[in-house]
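Take a look at the structure below.
All of these numbers come straight from a predicted model, not from anything done at the bench. Sequence lines set the chain letters: A, B, ... in the order given, protein chains first and strands last, and positions in each chain run from 1.
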Amino acid sequence: MERRDFLGAALGGAGVAGLALGTSSNAAAQAAGAGKSKLDEVLARGKVIVGVTSEAPPFGFIDDKGELAGFDIDMAKLVAKAIFNDATKIELIKQGFAARWPNVQNGSIDFGIMVTTVYADRALRVGFTRPYIDSGIVLVVKKDGPIKTVADLNKADYTVAHLTTPVQEERGKRLYPNAKFLTFDSISAQFNAVKVGRATAAQLDVPVALFYAKDNPDVRILEEWLTDVTGNAIFLRGDDFKWWLFLDTVVGEMTGGSLFSQYKVLYKTWFGVEPRHARIAQSGR
Amino acid sequence: MDYAAQVTAFLLGQMPKLLAGFAVTLTVAVAAIPLALALGVVLLAPRLSGRRLPSGAVQAYIEVMRGTPLLLQIYLIYFGLPLIGLFPSEFTCGVVGIALQHGAFLCELFRAAIESVSQRQWEAGRAIGMTQLAVFRYAILPQALMKVLGPLGNQVIVLIKDTSLVSAIGVMELTLTGKMVIERSAASFEIFVAVALFYLIVTAAVGAGFRLAEQRYAGRL
Amino acid sequence: MDVLAKNLPYLLSGAVMTLWLSLAVVSLSTLLGFIIGTLGAVGGRTLRALVTAYIFILRGIPVLVVMFLGYYAFPAFGYRANAYVAVGTAQIVYAGAFVAEIVRSAILSVPAGQFAAARGLGMPRGKILMHVVFPQAVRLAIPPLLNTSLTTIKQTSYASVVGAWELTWAAREVVERTLAAFQIFLGVMAIYFCICYPLAALSRWCEGRFVVAH
């Protein structure tokens, strides 16, 4: 009896101790992580691990052959090429939108590139490079539907499809509080809700909306944007300057420097038009 | 212990949202349970009848419900119905999906309880001249009800836990609320511990309630 | 129908992932549950109380929430784990509680007289466990264990909600691209049914064989 009781007490004590240790090590681990940069880790590892989405064409989706494809995927491979001179030294991790920040914060992914708009409150939690593509949020609706402006949507019999990101819900409460909101965890589910008629409208990124509208003549994009022109960017862990500096430099070169020719090819493939050169545009030519 | 104080303050701040999600969870459960019970009872008659076609059909339905995940059934209803022009709300789809699956399990549960009442009871009742319906009502049913309370309590608890799945189609219940709160915070693990506690409270309460009912009912038999 | 046929290879690769997950979770949770359940039946007072608490807590929380907890627990304690390890571990811990309960009550239903008789014959405790109690307990435990394994396999589908790619996520990806909800979801339900039905049928057959009066 005594020996078995002791075993039980020991296990219980070990469990509690482990929990206490673990909780305090949370702070310790984050502090320790700040010492070593992801850049060194990636170089030592020999490949870069990137978080992407498989549910937001044309940025990340599963094509007819069952493979991960998209503009963001190709951009990630360009980054791998910039690091290792070999675009295959990359591991793409599909993740849901809700898992973006935790995954990059805890280091399971080295960086993420998945239709992510830069907002100030997000920058409190993760780091962003400069944007690699312009964006903005628009509404898609059925072409022959009654909605012509954002104000039209503000009625109780209309439904709007949102993504689980809180910023969309807040925007909805601000711009069309009387409408009903539907929440989805993937962009394609949002769009399809409008297409089959479950929702009257959906909040989408401009490039995504353009892609869908191209293949689906029965929907259209409202001229009135919900936001200013915004930027989609690569996100990474916030306290890693060395890694941020490198990635931001790469994005800078892609959008307006030595890597622009490769970026131009990608951009044209997915969006059909040529991108503007970041620096030439600024100089006013 | 500054970390613990920080976490507690943060969780208390999120409490209104979590409570709202909890209320939706309870609403889904309260809506689904009677539907599932009704379906279970309705399926019972064909299942118990000696005839092959109705019994076989119900058996096939139960096997399909047993062999496929509830999540897929919910997705099928939610994403499929709009294609034929029906647009029930995500709440309705979730409740219907849960009821369809649990109705099948409840039918099996009721059948097991009824069949476990000794055959001799039937024979005895008939022997003293009671009609089949009377035997069922006065002899079999009370005993079956007694036997059913335990497994029924378990099944209800499983149903309450299954409501967490409707988060996948956007019903803003407790699990989805937790997922969304995490977007704006850094304490992911702690949020879900709080979510788990909510579920634990309600399942413990329901479990205790059924055990109490079992004792009371046993006393009255 | 051709949408289903065209995407079948992709869906089947998802099914393979589901099978791997199921195999890992079922085997490891059964092992874990056996150990914990035995400890809960024959251990000392503290051990039994701990096991009861473990079973009570895990059975009262939805498996989806346990999966989320697992997914966020590793980083919270400073470890990095890929989605499968995190979700799989969570499921193993969850299913382990159910197995533990089954094993524990099976061992406790072996009549006490057996134990006393074996002691009377001078058998050491370990041998009693192995040669007298376990064989009888295992016969009692098999039908509910098969049921639990069936449930566990179906629950791997919920890993898709948490973020681990398997058959259900693959199904959603295809549906979102093709909008063919009925074809794809019904087809994937059929795939799950093929995976699960052998186990379900075996469980029914065992229920018929090992009918035990409780």
Side-chain angles (χ1 to χ4, degrees), chain B residues 25 59 62-84 101 112 116 147 150 154 157-158 160-169 174-176 178-179 182 186-193 195-207, chain C residues 18 56-77 147 150-151 153-162 167-169 171-172 175-176 179-186 188-201 203-204 207 213-214:
Chain B
T25 292
Q59 261 182 305
I62 294 178
E63 281 306 309
V64 167
M65 289 294 126
R66 250 184 117 201
T68 56
L70 178 55
L71 184 61
L72 264 185
Q73 295 159 21
I74 292 177
Y75 279 155
L76 181 63
I77 296 174
Y78 185 68
F79 291 113
L81 288 184
L83 296 178
I84 57 176
Q101 160 132 133
S116 74
K147 297 206 177 195
N154 280 329
I157 290 181
V158 174
I160 293 175
K161 296 196 299 176
D162 278 348
T163 61
S164 61
L165 288 178
V166 306
S167 64
I169 55 173
L174 187 54
T175 309
L176 183 58
K179 233 173 108 168
I182 282 173
S188 320
F189 180 64
E190 290 80 351
I191 292 282
F192 272 107
V193 170
V195 165
L197 278 173
F198 271 107
Y199 280 109
L200 204 51
I201 291 173
V202 76
T203 53
V206 168
Chain C
T18 292
F56 174 70
I57 292 176
L58 262 324
R59 278 169 53 149
I61 309 176
V63 64
L64 188 59
V65 174
V66 175
M67 284 182 179
F68 273 118
L69 278 172
Y71 191 72
Y72 292 115
F74 284 89
F77 291 119
N147 258 321
L150 184 61
T151 309
I153 294 177
K154 289 194 294 176
Q155 285 173 346
T156 61
S157 135
Y158 310 160
S160 64
V161 179
V162 181
L167 183 52
T168 304
W169 190 336
R172 269 199 65 179
V175 169
E176 280 166 11
L179 278 189
F182 281 119
Q183 282 187 40
I184 301 294
F185 282 134
L186 282 173
V188 169
M189 273 173 73
I191 297 179
Y192 269 108
F193 192 73
C194 292
I195 297 177
C196 292
Y197 188 66
L199 200 56
S203 157
R204 279 220 186 279
E207 269 170 34
H214 267 279

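A donor-acceptor distance shorter than 3.5 angstrom exists from the side chain of B/Lys161 to the backbone of C/Arg59, with no hydrogens or angles considered. Using modelled atom types, one side-chain atom of C/Lys154 and one backbone atom of B/Arg66 make a donor-acceptor pair closer than 3.5 Å.
A 6.0 Å sphere centred on CZ of C/Phe193 holds more than 12 heavy atoms belonging to other residues, nucleotides or ligands.
If you measure heavy-atom distances from C/Leu69 to chain B, the contacts under 4.5 Å come from both the backbone and the side chain. If you measure heavy-atom distances from C/Thr18 to chain B, you find no contacts under 4.5 Å at all. Neither the backbone nor the side chain of C/Ile153 comes within contact range of chain B, judged by heavy atoms closer than 4.5 Å. In this structure, chain C has heavy atoms under 4.5 Å from both the backbone and the side chain of B/Leu70. Looking at C/Thr151, neither its backbone nor its side chain comes within 4.5 Å of chain B, counting heavy atoms on both sides. Proximity to chain C (any heavy atom under 4.5 Å) is shown, for B/Val193, by both the backbone and the side chain. Looking at C/Tyr71, there are no atoms closer than 4.5 Å to chain B (heavy atoms on both sides), in backbone or side chain.
In this structure C/Ile57 satisfies the side-chain contact (heavy atoms from CB on, under 4.5 Å) test together with B/Leu200, C/Ile61, sequence neighbours excluded. B/Tyr199 meets the side-chain hydrogen bond (donor to acceptor under 3.5 Å, both in side chains) test with B/Glu173, B/Thr175; sequence neighbours excluded.
Here the OH atom belonging to C/Tyr197 is positioned 5.0 Å from the CD atom belonging to B/Glu63, to the nearest 0.5 angstrom. Residue C/Tyr158 holds its OH atom at 9.5 Å from CG of B/Leu72, rounded to the nearest 0.5 Å.
Side-chain contact between B/Phe79 and C/Arg172 is present, with at least one heavy-atom pair separated by less than 4.5 Å. Counting heavy atoms from C-beta outward, C/Thr168 and B/Tyr75 have side chains that approach closer than 4.5 Å. For the pair C/Cys196/B/Thr68, no side-chain contact is recorded, criterion being any heavy-atom separation below 4.5 Å from C-beta on. You'll find the side chain of B/Ser167 reaches within 4.5 Å of the side chain of C/Leu64, heavy atoms only. Within the 4.5 Å cutoff, side-chain heavy atoms of C/Phe182 are placed close to those of B/Ile84.
Closest approach of B/Ala168 to C/Val161, counting heavy atoms only: CB-CG2, 3.9 Å. Between C/Val65 and B/Phe192 the shortest heavy-atom distance is CG1-O, 4.1 Å.
Counting heavy-atom pairs under 4.5 Å between each of B/Val195, B/Thr203, B/Leu165 and chain C puts B/Leu165 at the top.
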